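Since we're looking at a predicted model, the values are computed, not measured. Quick note on labels: first sequence line is chain A, next is B, and so on, each numbered from 1.
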Protein chains: 2
Amino acid sequence: MRQLDETDLEILSLLAADARRPYSEIGEEIGLSGPAVSDRVTRLQEAGIIRNFTIDVDRSELRAGVPVLIRLETTAIDRLRDRLREADPVEHVFVTAEGEVWFYARAEARNVRTWVESLLGEAEATYTVTLVEEAEWTPSIDGLEFALTCAECGNTVDAEGETARIDEEVYHFCCPSCLDRFRSRYQRLEESA
Amino acid sequence: MRQLDETDLEILSLLAADARRPYSEIGEEIGLSGPAVSDRVTRLQEAGIIRNFTIDVDRSELRAGVPVLIRLETTAIDRLRDRLREADPVEHVFVTAEGEVWFYARAEARNVRTWVESLLGEAEATYTVTLVEEAEWTPSIDGLEFALTCAECGNTVDAEGETARIDEEVYHFCCPSCLDRFRSRYQRLEESA
DNA sequence: TCTGAAAGGCCATAGAT
DNA sequence: ATCTATGGCCTTTCAGA
(Lines give C-alpha, C1' and ligand atoms only; values in the text may rest on other atoms or scores of the structure.)
Protein backbone atom coordinates (compact mmCIF):
# COMPACT_ATOMS: atom_id res chain seq x y z
CA MET A 1 0.00 0.00 0.00
CA ARG A 2 2.87 2.37 -0.72
CA GLN A 3 4.86 3.67 -3.59
CA LEU A 4 8.05 2.12 -4.75
CA ASP A 5 10.10 4.71 -6.58
CA GLU A 6 13.55 5.33 -8.03
CA THR A 7 14.75 6.55 -4.64
CA ASP A 8 14.20 3.04 -3.29
CA LEU A 9 16.25 1.61 -6.14
CA GLU A 10 19.04 4.09 -5.41
CA ILE A 11 19.05 2.98 -1.79
CA LEU A 12 19.16 -0.68 -2.86
CA SER A 13 22.06 0.06 -5.16
CA LEU A 14 24.04 1.89 -2.49
CA LEU A 15 23.38 -0.74 0.18
CA ALA A 16 24.34 -3.53 -2.22
CA ALA A 17 27.68 -1.78 -2.72
CA ASP A 18 28.21 -1.19 1.01
CA ALA A 19 25.62 -2.21 3.56
CA ARG A 20 27.55 -0.54 6.38
CA ARG A 21 27.42 2.93 4.94
CA PRO A 22 25.73 5.28 7.44
CA TYR A 23 22.14 6.20 6.58
CA SER A 24 23.00 9.87 7.01
CA GLU A 25 25.61 9.55 4.27
CA ILE A 26 23.24 7.69 1.97
CA GLY A 27 20.65 10.35 2.71
CA GLU A 28 23.02 13.14 1.69
CA GLU A 29 23.66 11.46 -1.64
CA ILE A 30 19.99 11.09 -2.54
CA GLY A 31 18.63 14.17 -0.79
CA LEU A 32 16.99 12.73 2.32
CA SER A 33 17.63 12.74 6.06
CA GLY A 34 19.04 9.74 7.91
CA PRO A 35 15.76 8.74 9.56
CA ALA A 36 13.94 8.92 6.21
CA VAL A 37 16.40 6.42 4.73
CA SER A 38 15.98 4.24 7.80
CA ASP A 39 12.19 4.23 7.29
CA ARG A 40 12.47 3.23 3.66
CA VAL A 41 14.90 0.42 4.42
CA THR A 42 12.47 -0.92 7.03
CA ARG A 43 9.67 -0.87 4.47
CA LEU A 44 11.83 -2.57 1.84
CA GLN A 45 12.54 -5.33 4.35
CA GLU A 46 8.88 -5.72 5.27
CA ALA A 47 7.95 -5.88 1.59
CA GLY A 48 10.47 -8.69 1.14
CA ILE A 49 12.57 -6.85 -1.43
CA ILE A 50 15.53 -6.78 0.93
CA ARG A 51 15.70 -10.39 2.04
CA ASN A 52 18.50 -9.86 4.52
CA PHE A 53 21.77 -8.16 5.31
CA THR A 54 24.68 -10.42 4.56
CA ILE A 55 28.32 -10.66 3.56
CA ASP A 56 29.90 -11.52 0.23
CA VAL A 57 32.46 -14.24 0.96
CA ASP A 58 35.26 -15.05 -1.43
CA ARG A 59 34.73 -18.80 -1.52
CA SER A 60 37.62 -19.39 -3.91
CA GLU A 61 39.97 -18.60 -1.04
CA LEU A 62 38.38 -21.24 1.15
CA ARG A 63 38.97 -23.89 -1.52
CA ALA A 64 36.23 -26.18 -0.34
CA GLY A 65 35.67 -28.99 -2.76
CA VAL A 66 35.54 -29.07 -6.52
CA PRO A 67 33.18 -26.54 -8.09
CA VAL A 68 30.79 -28.15 -10.55
CA LEU A 69 27.89 -27.14 -12.75
CA ILE A 70 25.30 -29.90 -13.09
CA ARG A 71 22.40 -30.29 -15.50
CA LEU A 72 19.50 -32.51 -14.51
CA GLU A 73 16.78 -34.00 -16.67
CA THR A 74 13.95 -35.09 -14.44
CA THR A 75 10.21 -35.28 -14.04
CA ALA A 76 10.35 -34.38 -10.35
CA ILE A 77 11.35 -30.72 -10.82
CA ASP A 78 9.71 -29.23 -7.73
CA ARG A 79 10.89 -31.94 -5.38
CA LEU A 80 14.47 -31.70 -6.62
CA ARG A 81 14.52 -27.93 -6.60
CA ASP A 82 13.41 -27.87 -2.97
CA ARG A 83 15.89 -30.55 -2.01
CA LEU A 84 18.81 -28.79 -3.69
CA ARG A 85 17.89 -25.46 -2.18
CA GLU A 86 18.34 -26.96 1.29
CA ALA A 87 21.64 -28.70 0.55
CA ASP A 88 24.70 -27.00 2.02
CA PRO A 89 27.14 -27.41 -0.89
CA VAL A 90 24.61 -26.03 -3.40
CA GLU A 91 24.93 -22.32 -4.08
CA HIS A 92 22.75 -21.68 -7.13
CA VAL A 93 19.70 -23.39 -8.56
CA PHE A 94 18.21 -22.56 -11.97
CA VAL A 95 15.02 -24.00 -13.46
CA THR A 96 14.83 -23.47 -17.21
CA ALA A 97 11.77 -22.89 -19.37
CA GLU A 98 12.37 -26.31 -20.96
CA GLY A 99 11.99 -27.95 -17.56
CA GLU A 100 15.63 -28.70 -16.87
CA VAL A 101 17.23 -28.06 -13.50
CA TRP A 102 20.75 -26.63 -13.35
CA PHE A 103 22.73 -26.12 -10.21
CA TYR A 104 26.14 -24.92 -9.13
CA ALA A 105 27.78 -26.57 -6.12
CA ARG A 106 31.07 -27.58 -4.55
CA ALA A 107 31.53 -31.34 -4.62
CA GLU A 108 33.08 -32.51 -1.39
CA ALA A 109 34.03 -36.03 -2.39
CA ARG A 110 36.49 -37.68 -4.75
CA ASN A 111 33.76 -39.77 -6.30
CA VAL A 112 31.44 -37.23 -7.87
CA ARG A 113 28.97 -39.89 -8.99
CA THR A 114 28.07 -41.06 -5.47
CA TRP A 115 28.13 -37.50 -4.24
CA VAL A 116 25.55 -36.41 -6.83
CA GLU A 117 23.36 -39.39 -6.16
CA SER A 118 23.28 -38.78 -2.41
CA LEU A 119 22.37 -35.19 -3.17
CA LEU A 120 19.47 -36.23 -5.38
CA GLY A 121 18.11 -38.82 -2.95
CA GLU A 122 15.41 -41.05 -4.34
CA ALA A 123 14.30 -38.70 -7.08
CA GLU A 124 14.92 -40.10 -10.55
CA ALA A 125 17.06 -37.97 -12.79
CA THR A 126 19.76 -38.18 -15.42
CA TYR A 127 22.57 -35.69 -15.12
CA THR A 128 25.70 -34.30 -16.73
CA VAL A 129 28.55 -32.81 -14.70
CA THR A 130 30.81 -29.96 -15.84
CA LEU A 131 33.89 -28.93 -13.89
CA VAL A 132 34.12 -25.22 -13.17
CA GLU A 133 37.40 -23.35 -12.97
CA GLU A 134 36.11 -19.95 -11.96
CA ALA A 135 32.82 -18.73 -10.55
CA GLU A 136 31.90 -15.17 -9.80
CA TRP A 137 28.87 -13.47 -8.40
CA THR A 138 28.49 -9.89 -9.61
CA PRO A 139 25.12 -8.58 -8.51
CA SER A 140 24.03 -5.12 -9.53
CA ILE A 141 20.93 -3.08 -8.94
CA ASP A 142 21.88 -0.56 -11.59
CA GLY A 143 20.02 -0.84 -14.83
CA LEU A 144 16.79 -1.84 -13.12
CA GLU A 145 15.57 1.71 -12.76
CA PHE A 146 12.75 1.54 -15.22
CA ALA A 147 12.39 -2.17 -15.26
CA LEU A 148 9.48 -2.67 -12.89
CA THR A 149 6.48 -4.05 -14.75
CA CYS A 150 2.83 -3.81 -13.82
CA ALA A 151 1.48 -7.18 -12.67
CA GLU A 152 -1.85 -6.42 -14.37
CA CYS A 153 -1.07 -4.81 -17.73
CA GLY A 154 2.69 -5.31 -18.16
CA ASN A 155 3.49 -1.62 -18.59
CA THR A 156 6.48 0.04 -17.01
CA VAL A 157 5.99 1.12 -13.42
CA ASP A 158 7.39 4.56 -12.59
CA ALA A 159 7.30 6.80 -9.54
CA GLU A 160 3.51 7.09 -9.87
CA GLY A 161 3.12 3.35 -9.45
CA GLU A 162 1.79 1.40 -6.49
CA THR A 163 2.96 -1.64 -4.63
CA ALA A 164 0.63 -4.00 -2.79
CA ARG A 165 0.97 -7.12 -0.73
CA ILE A 166 -1.65 -9.73 -1.54
CA ASP A 167 -1.58 -13.05 0.28
CA GLU A 168 2.07 -12.80 1.38
CA GLU A 169 3.15 -11.88 -2.16
CA VAL A 170 4.30 -8.44 -3.33
CA TYR A 171 3.04 -7.04 -6.64
CA HIS A 172 3.72 -3.79 -8.47
CA PHE A 173 1.20 -1.79 -10.49
CA CYS A 174 1.45 1.16 -12.85
CA CYS A 175 -1.77 2.79 -11.59
CA PRO A 176 -4.57 2.36 -9.02
CA SER A 177 -7.02 0.96 -11.60
CA CYS A 178 -4.67 -1.90 -12.42
CA LEU A 179 -4.36 -2.63 -8.73
CA ASP A 180 -8.16 -2.72 -8.40
CA ARG A 181 -8.61 -4.97 -11.42
CA PHE A 182 -5.92 -7.33 -10.16
CA ARG A 183 -7.49 -7.44 -6.71
CA SER A 184 -10.95 -8.37 -7.96
CA ARG A 185 -9.59 -10.94 -10.41
CA TYR A 186 -7.58 -12.46 -7.58
CA GLN A 187 -10.63 -12.54 -5.32
CA ARG A 188 -12.78 -14.25 -7.96
CA LEU A 189 -10.03 -16.79 -8.41
CA GLU A 190 -9.94 -17.52 -4.72
CA GLU A 191 -13.69 -17.86 -4.40
CA SER A 192 -13.83 -20.37 -7.23
CA ALA A 193 -11.11 -22.43 -5.59
CA MET B 1 50.71 -14.32 8.90
CA ARG B 2 47.92 -15.43 11.17
CA GLN B 3 45.79 -18.42 11.88
CA LEU B 4 42.49 -19.04 10.22
CA ASP B 5 40.44 -21.41 12.32
CA GLU B 6 36.96 -22.85 12.73
CA THR B 7 35.93 -19.86 14.83
CA ASP B 8 36.41 -17.68 11.76
CA LEU B 9 34.15 -19.97 9.76
CA GLU B 10 31.51 -19.78 12.47
CA ILE B 11 31.65 -16.00 12.32
CA LEU B 12 31.34 -16.08 8.53
CA SER B 13 28.36 -18.37 8.81
CA LEU B 14 26.59 -16.17 11.35
CA LEU B 15 27.30 -12.95 9.44
CA ALA B 16 26.09 -14.52 6.19
CA ALA B 17 22.79 -15.28 7.92
CA ASP B 18 22.48 -11.81 9.46
CA ALA B 19 25.19 -9.22 8.98
CA ARG B 20 23.47 -6.81 11.38
CA ARG B 21 23.65 -9.08 14.38
CA PRO B 22 25.59 -7.32 17.15
CA TYR B 23 29.13 -8.56 17.65
CA SER B 24 28.45 -9.03 21.35
CA GLU B 25 25.67 -11.48 20.50
CA ILE B 26 27.83 -13.35 18.00
CA GLY B 27 30.55 -13.43 20.63
CA GLU B 28 28.23 -14.98 23.19
CA GLU B 29 27.34 -17.76 20.78
CA ILE B 30 30.91 -18.73 20.01
CA GLY B 31 32.51 -17.88 23.35
CA LEU B 32 34.27 -14.58 22.65
CA SER B 33 33.83 -10.95 23.60
CA GLY B 34 32.46 -8.33 21.22
CA PRO B 35 35.80 -6.65 20.49
CA ALA B 36 37.42 -10.02 19.80
CA VAL B 37 34.81 -10.71 17.14
CA SER B 38 35.35 -7.20 15.78
CA ASP B 39 39.09 -7.87 15.46
CA ARG B 40 38.55 -11.11 13.58
CA VAL B 41 36.07 -9.53 11.21
CA THR B 42 38.57 -6.77 10.46
CA ARG B 43 41.21 -9.36 9.70
CA LEU B 44 38.84 -11.38 7.50
CA GLN B 45 38.17 -8.23 5.52
CA GLU B 46 41.83 -7.38 5.19
CA ALA B 47 42.56 -10.93 4.05
CA GLY B 48 39.92 -10.54 1.34
CA ILE B 49 37.77 -13.41 2.59
CA ILE B 50 34.93 -11.03 3.42
CA ARG B 51 34.70 -9.04 0.20
CA ASN B 52 32.06 -6.66 1.48
CA PHE B 53 28.89 -6.16 3.48
CA THR B 54 25.85 -6.19 1.24
CA ILE B 55 22.14 -6.98 0.97
CA ASP B 56 20.38 -9.92 -0.61
CA VAL B 57 17.73 -8.44 -2.91
CA ASP B 58 14.78 -10.46 -4.14
CA ARG B 59 15.17 -9.66 -7.83
CA SER B 60 12.16 -11.70 -8.86
CA GLU B 61 10.01 -8.98 -7.32
CA LEU B 62 11.68 -6.32 -9.40
CA ARG B 63 10.89 -8.20 -12.60
CA ALA B 64 13.68 -6.70 -14.64
CA GLY B 65 14.03 -8.42 -17.97
CA VAL B 66 13.99 -12.07 -18.95
CA PRO B 67 16.36 -14.32 -17.00
CA VAL B 68 18.61 -16.36 -19.28
CA LEU B 69 21.45 -18.84 -18.97
CA ILE B 70 23.96 -18.55 -21.81
CA ARG B 71 26.74 -20.89 -22.89
CA LEU B 72 29.63 -19.46 -24.90
CA GLU B 73 32.21 -21.25 -26.97
CA THR B 74 35.09 -18.91 -27.56
CA THR B 75 38.83 -18.58 -27.80
CA ALA B 76 38.86 -15.23 -26.00
CA ILE B 77 37.95 -16.57 -22.55
CA ASP B 78 39.75 -14.01 -20.41
CA ARG B 79 38.57 -11.03 -22.38
CA LEU B 80 34.96 -12.17 -22.34
CA ARG B 81 35.02 -13.09 -18.67
CA ASP B 82 36.27 -9.63 -17.75
CA ARG B 83 33.78 -7.94 -20.02
CA LEU B 84 30.84 -9.94 -18.63
CA ARG B 85 31.89 -9.31 -15.07
CA GLU B 86 31.55 -5.59 -15.65
CA ALA B 87 28.19 -5.77 -17.38
CA ASP B 88 25.23 -4.68 -15.24
CA PRO B 89 22.68 -7.31 -16.27
CA VAL B 90 25.13 -10.17 -15.68
CA GLU B 91 24.89 -11.76 -12.24
CA HIS B 92 26.96 -14.93 -12.47
CA VAL B 93 29.90 -15.98 -14.59
CA PHE B 94 31.29 -19.53 -14.71
CA VAL B 95 34.38 -20.70 -16.58
CA THR B 96 34.44 -24.48 -17.03
CA ALA B 97 37.43 -26.77 -17.13
CA GLU B 98 36.65 -27.44 -20.82
CA GLY B 99 37.12 -23.75 -21.57
CA GLU B 100 33.50 -22.81 -21.97
CA VAL B 101 32.04 -19.66 -20.43
CA TRP B 102 28.56 -19.77 -18.89
CA PHE B 103 26.74 -16.79 -17.53
CA TYR B 104 23.40 -15.94 -15.98
CA ALA B 105 21.84 -12.57 -16.75
CA ARG B 106 18.59 -10.71 -17.20
CA ALA B 107 18.01 -9.81 -20.84
CA GLU B 108 16.57 -6.34 -21.10
CA ALA B 109 15.50 -6.40 -24.72
CA ARG B 110 12.89 -8.22 -26.80
CA ASN B 111 15.51 -9.27 -29.30
CA VAL B 112 17.83 -11.49 -27.32
CA ARG B 113 20.17 -11.99 -30.28
CA THR B 114 21.16 -8.30 -30.58
CA TRP B 115 21.26 -8.01 -26.82
CA VAL B 116 23.76 -10.86 -26.50
CA GLU B 117 25.89 -9.51 -29.30
CA SER B 118 26.13 -6.05 -27.81
CA LEU B 119 27.11 -7.72 -24.55
CA LEU B 120 29.90 -9.68 -26.21
CA GLY B 121 31.27 -6.72 -28.17
CA GLU B 122 33.87 -7.59 -30.75
CA ALA B 123 34.93 -10.87 -29.22
CA GLU B 124 34.14 -13.83 -31.39
CA ALA B 125 31.97 -16.50 -29.82
CA THR B 126 29.17 -18.90 -30.61
CA TYR B 127 26.44 -19.16 -28.02
CA THR B 128 23.29 -20.97 -26.98
CA VAL B 129 20.57 -19.30 -24.91
CA THR B 130 18.35 -21.05 -22.36
CA LEU B 131 15.37 -19.32 -20.77
CA VAL B 132 15.26 -19.55 -16.98
CA GLU B 133 12.05 -19.74 -15.02
CA GLU B 134 13.46 -19.65 -11.52
CA ALA B 135 16.82 -18.69 -10.11
CA GLU B 136 17.87 -18.90 -6.51
CA TRP B 137 20.98 -18.05 -4.62
CA THR B 138 21.43 -20.17 -1.50
CA PRO B 139 24.87 -19.51 -0.10
CA SER B 140 26.07 -21.40 2.92
CA ILE B 141 29.28 -21.39 4.89
CA ASP B 142 28.35 -24.55 6.73
CA GLY B 143 30.09 -27.68 5.61
CA LEU B 144 33.35 -25.86 4.92
CA GLU B 145 34.76 -26.44 8.40
CA PHE B 146 37.57 -28.76 7.46
CA ALA B 147 37.68 -27.86 3.84
CA LEU B 148 40.64 -25.49 3.70
CA THR B 149 43.45 -27.01 1.68
CA CYS B 150 47.14 -26.23 1.83
CA ALA B 151 48.28 -24.29 -1.23
CA GLU B 152 51.59 -26.19 -1.17
CA CYS B 153 50.81 -29.84 -0.41
CA GLY B 154 47.01 -30.06 -0.71
CA ASN B 155 46.46 -31.40 2.80
CA THR B 156 43.63 -30.28 5.03
CA VAL B 157 44.31 -27.07 6.93
CA ASP B 158 43.18 -27.11 10.55
CA ALA B 159 43.51 -24.72 13.47
CA GLU B 160 47.29 -25.21 13.40
CA GLY B 161 47.50 -23.86 9.86
CA GLU B 162 48.80 -20.52 8.65
CA THR B 163 47.52 -17.92 6.27
CA ALA B 164 49.75 -15.58 4.31
CA ARG B 165 49.27 -12.76 1.86
CA ILE B 166 51.69 -12.91 -1.05
CA ASP B 167 51.50 -10.30 -3.78
CA GLU B 168 47.92 -9.23 -3.01
CA GLU B 169 46.77 -12.86 -2.95
CA VAL B 170 45.79 -14.87 0.14
CA TYR B 171 47.00 -18.46 0.57
CA HIS B 172 46.46 -21.05 3.28
CA PHE B 173 49.03 -23.57 4.51
CA CYS B 174 48.89 -26.61 6.77
CA CYS B 175 52.26 -25.87 8.41
CA PRO B 176 55.13 -23.35 8.44
CA SER B 177 57.36 -25.52 6.22
CA CYS B 178 54.79 -25.53 3.45
CA LEU B 179 54.59 -21.76 3.72
CA ASP B 180 58.38 -21.49 3.43
CA ARG B 181 58.55 -23.81 0.45
CA PHE B 182 55.76 -21.96 -1.29
CA ARG B 183 57.45 -18.63 -0.63
CA SER B 184 60.79 -19.66 -2.10
CA ARG B 185 59.16 -21.34 -5.10
CA TYR B 186 57.17 -18.18 -5.69
CA GLN B 187 60.28 -16.03 -5.43
CA ARG B 188 62.22 -18.16 -7.90
CA LEU B 189 59.29 -17.91 -10.26
CA GLU B 190 59.29 -14.14 -9.99
CA GLU B 191 63.02 -13.82 -10.53
CA SER B 192 62.87 -15.91 -13.69
CA ALA B 193 60.05 -13.74 -15.04
C1' DT C 1 6.11 10.78 4.36
C1' DC C 2 9.63 13.82 5.86
C1' DT C 3 12.64 16.70 9.22
C1' DG C 4 15.22 17.71 13.41
C1' DA C 5 16.49 16.82 18.25
C1' DA C 6 17.35 13.46 21.78
C1' DA C 7 18.01 8.78 23.72
C1' DG C 8 19.88 4.41 23.59
C1' DG C 9 22.81 0.99 21.65
C1' DC C 10 26.76 -0.58 19.13
C1' DC C 11 31.52 -0.43 17.40
C1' DA C 12 36.25 0.54 17.97
C1' DT C 13 40.05 2.02 20.68
C1' DA C 14 43.13 1.85 24.70
C1' DG C 15 45.51 -0.48 28.15
C1' DA C 16 46.33 -4.73 30.80
C1' DT C 17 46.94 -9.73 30.95
C1' DA D 1 45.22 -12.87 20.81
C1' DT D 2 41.84 -11.73 24.10
C1' DC D 3 39.55 -9.21 27.91
C1' DT D 4 37.25 -4.98 30.31
C1' DA D 5 36.15 -0.18 30.19
C1' DT D 6 35.26 3.93 27.74
C1' DG D 7 34.39 7.43 24.14
C1' DG D 8 32.07 8.55 20.10
C1' DC D 9 29.26 7.56 16.25
C1' DC D 10 25.04 5.61 14.39
C1' DT D 11 20.36 4.15 14.49
C1' DT D 12 15.97 4.70 16.07
C1' DT D 13 12.33 6.98 18.34
C1' DC D 14 9.30 10.81 18.93
C1' DA D 15 7.04 15.44 18.00
C1' DG D 16 5.70 18.39 14.62
C1' DA D 17 4.66 19.67 9.82
(message) Whole angstroms only, please: what is the CD-C1' distance between A/Glu28 and C/dT3?
(response) 15 Å
(request) Taking only the side-chain heavy atoms of A/Arg40 (C-beta and beyond), determine which of D/dT11, C/dT1, D/dT4 contains the nearest atom. (result) C/dT1
(request) Would you mind telling me which of C/dT3, C/dA12, D/dT2 lies closest to the side-chain atoms of B/Ser38? (result) C/dA12
(request) Using a strict 4.0 Å threshold on nitrogen-to-oxygen distance, state whether A/Arg21 and A/Glu29 make a salt bridge. (result) yes
(message) Taking CD in B/Glu117 as the centre, count heavy atoms belonging to other residues, nucleotides or ligands within less than 6.0 Å. Is the count above 12?
(response) yes
(request) Select one nucleotide: of D/dT2, C/dT1, C/dA5, the one nearest the side-chain heavy atoms of A/Pro35. (result) C/dA5
(message) Using only atom types and a distance under 3.5 Å, with no angle test, would you say the side chain of B/Arg40 pairs donor to acceptor with the backbone of B/Ile11?
(response) no
(message) Expressed as a whole number of angstroms, how long is the span from B/Arg43:CZ to D/dA1:P?
(response) 5 Å
(request) Would you tell me if any nitrogen or oxygen in the side chain of B/Ser33 comes within less than 4.0 Å of OP1 or OP2 on D/dT2? (result) no
(request) Return the nearest nucleotide to the side chain of A/Tyr23; candidates are C/dT3, D/dT11, D/dT2. (result) D/dT11
(request) To the nearest Å, give me how far apart CD1 (A/Ile11) and C1' (C/dC2) are. (result) 13 Å
(message) Nearest whole Å is fine: how far is D/dC9 P from A/Ile26 CD1?
(response) 19 Å
(message) Using heavy-atom distances to pick each residue's nearest nucleotide on DNA chain C, tell me which of A/Gly34 and B/Arg20 is more 5'.
(response) A/Gly34
(request) Specify the separation, in whole Å, of atom CG of A/Asp39 and atom C1' of C/dT3. (result) 11 Å
(message) Between C1' on D/dT11 and CZ on A/Arg21, what's the gap in Å once rounded to a whole number?
(response) 17 Å
(request) Indicate, with a heavy-atom threshold strictly under 4.0 Å, whether B/Pro22 touches base, sugar-phosphate, or nothing. (result) sugar-phosphate
(request) Anything under 30° is parallel, anything over 60° is perpendicular, the rest tilted; go ahead and classify B/Phe94 against A/His92. (result) perpendicular
(request) Check the distance between D/dC10's C1' and B/Phe53's CZ and give it to me in whole angstrom. (result) 15 Å
(request) Examine distances only and state if a side-chain atom of A/Thr74 and a backbone atom of A/Glu124 form a donor-acceptor pair shorter than 3.5 Å. (result) yes
(request) Measure from CD1 on A/Ile30 to P on C/dC2 and round the result to the nearest Å. (result) 9 Å
